[in-house]
Amino acid sequence: MTKPIPATGEALPVIGVGTWQTFDVGADRKAREPLREVLRLLNKNIIDSSPMYGSSESVAGDLIAELGLHGSLFMATKVWTRGRDAGIRQMETSFERLRVQRMDLMQVHNLVDVETHTKTLRQWKEQKRVRYIGITHYTSSAYAEVERALKTKQYDFLQINYSLGERESEKRILDTAQSLGMAVIANRPFAEGALFRKVKGKALPGWAKDYGIESWAQYFLKWIVSHPAVSCAIPGTGNPKHMQDNLGAGRGALPDEAARKRMASEFDDLR
Ligand SMILES: NC(=O)c1ccc[n+]([C@@H]2O[C@H](COP(=O)([O-])OP(=O)(O)OC[C@H]3O[C@@H](n4cnc5c(N)ncnc54)[C@H](OP(=O)(O)O)[C@@H]3O)[C@@H](O)[C@H]2O)c1
């Protein structure tokens, strides 16, 4: 299943992968093996990284090169520093680590020095060094600042936290992004794994299979990507079985508004 990126209509698969913590394994060959298998399962999906994530960019870049997957993934990373020159240096390093000539998406991480980096990114977009530009955040305490940035109408993408465990962005932020024609990437789709602790040992509702939902991961992800403003979700995983499971949420029927409400209330009622 794909959704169109509003700025261009380009189709983007609704499930991608995040690399925070999971891909930060350095040169450890054994630890890289499952990550290679995670990447092998992808096709056109977004992979999201950041210079903040230790060795993750380098590990992803090496493995993508080994698998010959450059050109068949949607590569997203971030800038996370202060100052124009430091930002440029950091982004150049990300290009080298991820081994790309052109980045699909470059985002300002947590709005750090956002005005400075946005100027650089707008130039780089004109020069076709980056295809899309965006901003990210992960906590509702920053939503006022996020909203101010969105309203400058300079970005193609917003990456924000959204899950059954963290729903505050649906009050304003998601609608604002949608009305301004921005794609939305949902980060922390499992609230960093907390959602699985709540459903441990609990059976899925019987009706979930009507939507092709075969696991709690798919339940959580389908709820997210069926929001009309959301383009995709980027669950973090270093486990190929989990990646396969997560990709399953990109197939079959999507819940409608009534089904989404039911999914949320049944989740809330779990004890
Ligand atoms: N400010 C920002 O820009 C920002 C902030 C936060 C996150 N992000 C991005 O969003 C991505 C996702 O967020 P996150 O990694 O913090 O949290 P998350 O995706 O909500 O949760 C990750 C956890 O879920 C587990 N998991 C994944 N798939 C599973 C499955 N099918 N079944 C059971 N467990 C599963 C993972 O363990 P396993 O490895 O064992 O699968 C991991 O412990 C990050 O990797 C990063 O790329 C960006």
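For ligands, and for the atoms within them, numbers begin at 1 and follow the listed sequence.
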Among all protein non-hydrogen atoms, which one is nearest to [atom], and what is the separation to 0.1 Å?
atom                    : result
atom 28 (N) of ligand 1 : N246 ND2, 3.2 Å
atom 3 (O) of ligand 1  : T136 OG1, 2.9 Å
atom 12 (C) of ligand 1 : I234 O, 3.1 Å
atom 24 (O) of ligand 1 : F190 CD1, 3.6 Å

Proximity to ligand 1 by part of [X], non-hydrogen separation under 4.0 Å:
X    : result
T22  : side chain
Q159 : side chain
S50  : neither
H109 : side chain
P189 : both
T237 : both
K78  : side chain

Q. K202: what forms a side-chain contact (heavy atoms from CB on, under 4.5 Å) with it, not counting sequence neighbours?
A.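 Residues passing side-chain contact (heavy atoms from CB on, under 4.5 Å) with K202: W216, L270.
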Q: State which residues pass side-chain contact (heavy atoms from CB on, under 4.5 Å) with E92; sequence neighbours excluded, sorted by chain then number.
A: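 For E92, the residues satisfying side-chain contact (heavy atoms from CB on, under 4.5 Å) (neighbours in sequence not counted) are I88, W124, R129.
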(Q) My understanding is that we take every heavy atom of each candidate and find the minimum distance to atom 4 (C) of ligand 1. Doing that for N187, N110, T19, which one comes out nearest? (A) N187
Counting only nitrogen or oxygen atoms and a 3.5 angstrom limit, does [X] reach ligand 1?
X    : answer
A217 : no
W20  : yes
G236 : yes
H137 : no
G238 : yes
N239 : no

Q.
As an exercise, state the distance from CE of M103 to CZ of F74, rounded to the nearest 0.5 Å.
A. 11.0 Å
(Q) Could you tell me if Y211 and D256 have a donor-acceptor pair between their side chains, going purely by distance under 3.5 Å? (A)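 Y211 and D256 do not have a side-chain donor-acceptor pair below 3.5 Å.
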(Q) For T8 and Y132, which I'm curious about, is there any donor-acceptor pair between the side chains at under 3.5 Å? (A) yes
Q: Enumerate the atoms of ligand 1 whose separation from the nearest heavy atom of E192 is less than 4.0 angstrom.
A: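 Result: 16 (O), 17 (O), 18 (P), 20 (O), 21 (O).
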Q) Under 4.0 angstrom from atom 45 (O) of ligand 1, is there any protein heavy atom? A) yes
Does the distance from a Lys or Arg side-chain N to an Asp or Glu carboxylate O, for [X] and [Y], drop under 4.0 Å?
X    : Y    : answer
E145 : R148 : no
K261 : E257 : yes
E147 : K151 : yes

Q. Of all the heavy atoms in W216, does at least one lie under 4.0 Å from an atom in ligand 1?
A.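 Checking ligand 1 against W216, which is what was asked, there is no heavy-atom contact under 4.0 Å.
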Q: Could you tell me how the ring of Y53 sits relative to the ring of H109: parallel (under 30°), tilted (30 to 60°) or perpendicular (over 60°)?
A: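 The arrangement is perpendicular - the two ring planes meet at more than 60°.
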Q | Option from D48, T237, V59, I47 for which side chain to side chain contact (heavy atoms under 4.5 Å, CB included) with T19 holds | A |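 Only match with T19 under side chain to side chain contact (heavy atoms under 4.5 Å, CB included): I47.
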Q: For T81 and H117, work out which heavy atoms get closest and say how close.
A: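 Minimum heavy-atom contact is O-NE2, 2.6 Å.
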